Amino acid sequence: MLRLDRRLLHNVDWPLLGAAFAIVVLSVICLSSLGLGRGGSGLALRQLLWVGVGIGALLVVVTFDYRSFVRAAPALYLVGLGLLITVFVLGRMVSGARRWIHLGPLTFQPSELFKLIFILTLAWALTWRREAQPTSRGTLGVPFVLVVRQPDLGTALVLLPVLAAVLVGVGVRLRILGGLAGAGIALMPIAWFFLKPYQRDRLLVYLDPFRDPLGTAYNVIQAKIAIGSGQLLGKGISGATQSRLAFLPERHTDFIFAVFAEMWGFIGCLVLIVAYGVLVLRGFEIAVVTREARGRIIALGVTALFAAQTLINLGMVTGLLPVVGIPLPLMSYGGSSMVVSFMALGLLLSVRMRQFQ
């Protein structure tokens, strides 16, 4: 069995772990309050189970040097690509999307795991032999297309700010990134014709929130009502009618922030956002002080992943961004998201603990 050097344990980033576990505790409290409305706390217990699995995954990842994961990136890439293809063969259709593989009583979402594989592949492609780089970079577009085809536009879009953050961190000129961004914006009218009907409806509802108040816009309208009713100190567990009485759809997954805001108000939301702020700032600090290029890329990618998912989720719940189906990291209910989030924390800690080696 692999053991950690005691010197490595002295480099554990406790503020990072503290912020992450604070978010998890708030998640379990929020889910348990939802369970009370149905005579039980099954959601909270299942979330705790996934947290336990996630902690185990974190410990496994931390035990290994992050460089070993980078060296294994080509193999991991092929595995991830195979899983994404398997979704189209064995995946079940849920809410118009084929994103999950069912393994008996368990459900697994390969696109969640591929977020980490994407970051590791970037670290490998940008630091390997120069003659291998063009081929490696070209392969990154294949999974992006597969994820979009599921369709899982939210996960695909999250990879873009991760890629941008990594490229800025390795010294790519901002003029080049600006040109790529401009090209992407210019292609948006063409991309409209490749969107699914429900994705187009979400964009139209974003532009006109009351276009379909009982249909596509219902989630966002109810989320705004829930957030606003929380006011300064919240309505507590018993008074959170929007959440407890199930007026708010997807209240335990993508829209859990609205539930939390109704129960704990502006002050509670401020505590939650500060916890995310600490997590992201600690992640960027790890990236800044890490001397080794692969570690810096991993730290940048993982931190950008947390930041992007958090900002997109909060934006869509509050109506500032279109609804794209992104879970709130460490907060939303879901096994794949929770375990992968802990694995991402494990990579950050592995880089932090070995930054001077």
Side-chain angles (χ1 to χ4, degrees), residues 16-58 94-95 100 105-109 112 219 222-279 306 309-310 313-314 316-318 325-345:
L16 175 72
L17 280 178
F21 279 103
I23 296 170
V24 170
V25 169
L26 294 177
S27 170
V28 173
I29 293 174
C30 195
L31 291 172
S32 64
S33 65
L34 287 179
L36 293 175
R38 296 192 298 271
S41 54
L43 282 177
L45 291 176
R46 289 196 293 271
Q47 186 81 322
L48 281 174
L49 174 63
W50 288 119
V51 169
V53 175
I55 292 174
L58 179 149
V94 179
S95 300
W100 297 270
L106 302 179
T107 303
F108 172 62
Q109 188 174 354
E112 284 290 329
N219 287 23
Q222 295 300 317
K224 289 181 179 180
I225 294 173
I227 293 171
S229 64
Q231 300 185 23
L232 182 64
L233 299 176
K235 300 173 70 174
I237 295 175
S238 60
T241 54
Q242 288 294 117
S243 307
R244 290 282 306 282
L245 300 180
F247 288 108
L248 178 63
E250 305 297 336
R251 61 192 189 280
H252 62 296
T253 53
D254 294 349
F255 285 83
I256 194 171
F257 178 75
V259 175
F260 184 83
E262 184 180 21
M263 291 182 179
W264 307 109
F266 175 79
I267 300 299
C269 292
L270 187 61
V271 172
L272 180 63
I273 291 173
V274 167
Y276 277 112
V278 171
L279 190 153
F306 275 119
Q309 288 187 127
T310 302
N313 180 275
L314 297 183
M316 74 178 194
V317 172
T318 55
I326 292 290
L328 190 57
L330 301 171
M331 188 77 180
S332 293
Y333 173 79
S336 299
S337 175
M338 183 63 70
V339 174
V340 169
S341 294
F342 271 102
M343 292 173 67
L345 288 173

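Treat the numbers as computed from the prediction; the structure is a model and nothing was measured. Every heavy atom of this structure was used, including side-chain atoms; hydrogens, water molecules and symmetry mates were not.
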Using 0.5 Å steps for rounding, measure from the CG atom of L43 to the CG atom of L48.
11.0 Å

Which pair of non-hydrogen atoms, one from S33 and one from M263, has the smallest distance, and what is that distance?
OG-CE, 2.9 Å

Applying side-chain hydrogen bond (donor to acceptor under 3.5 Å, both in side chains) to T310 and not counting sequence neighbours gives none

How far does CD1 of I29 sit from CZ of F260, to the nearest 0.5 angstrom?
8.0 Å

List the residues meeting ring-ring contact (aromatic ring centres under 6.0 Å, His included) with Y333, not counting sequence neighbours, and say none if there are none.
H252

Mind checking what makes ring-ring contact (aromatic ring centres under 6.0 Å, His included) contact with F342, not counting sequence neighbours?
F21

Give the minimum heavy-atom separation between M331 and C30, together with the two atoms involved.
CE-CB, 4.4 Å

Side chains of V51 and I55: does their closest heavy-atom pair fall under 4.5 Å?
yes

Where is the tightest heavy-atom contact between A57 and M343, given as atom of each residue plus distance?
CB-CG, 3.6 Å

Residues in side chain to side chain contact (heavy atoms under 4.5 Å, CB included) contact with A344, at least two apart in sequence or another chain
L116, V302, F306

Determine whether a donor-acceptor pair (N or O, by modelled atom type, separation under 3.5 Å) exists between the side chain of D254 and the backbone of N313.
no

Partner set under side-chain hydrogen bond (donor to acceptor under 3.5 Å, both in side chains) for T318, not counting sequence neighbours
none

Spacing of CD1 belonging to I256 relative to CG belonging to L272, to within rounding of 0.5 Å
9.5 Å

Minimum heavy-atom separation for R251 and V259, please, with both atom names.
O-CG2, 3.3 Å

Once side chain to side chain contact (heavy atoms under 4.5 Å, CB included) is applied, do any residues pair with V278, and if so which ones, sequence neighbours excluded?
A19, V274, R282

Locate the shortest heavy-atom distance separating P327 from E112; write the atom from each residue and the value.
CG-OE2, 3.9 Å

For the atom pair CG (L26) and CG (L31), what is the distance rounded to the nearest 0.5 Å?
11.0 Å

Hits for side chain to side chain contact (heavy atoms under 4.5 Å, CB included) against A275, two or more places apart or cross-chain, chain-then-number order -> I23

Heavy-atom closest pair, residues S332 and M338:
O-CE, 4.3 Å

Residues in side chain to side chain contact (heavy atoms under 4.5 Å, CB included) contact with I267, at least two apart in sequence or another chain:
L232, L233

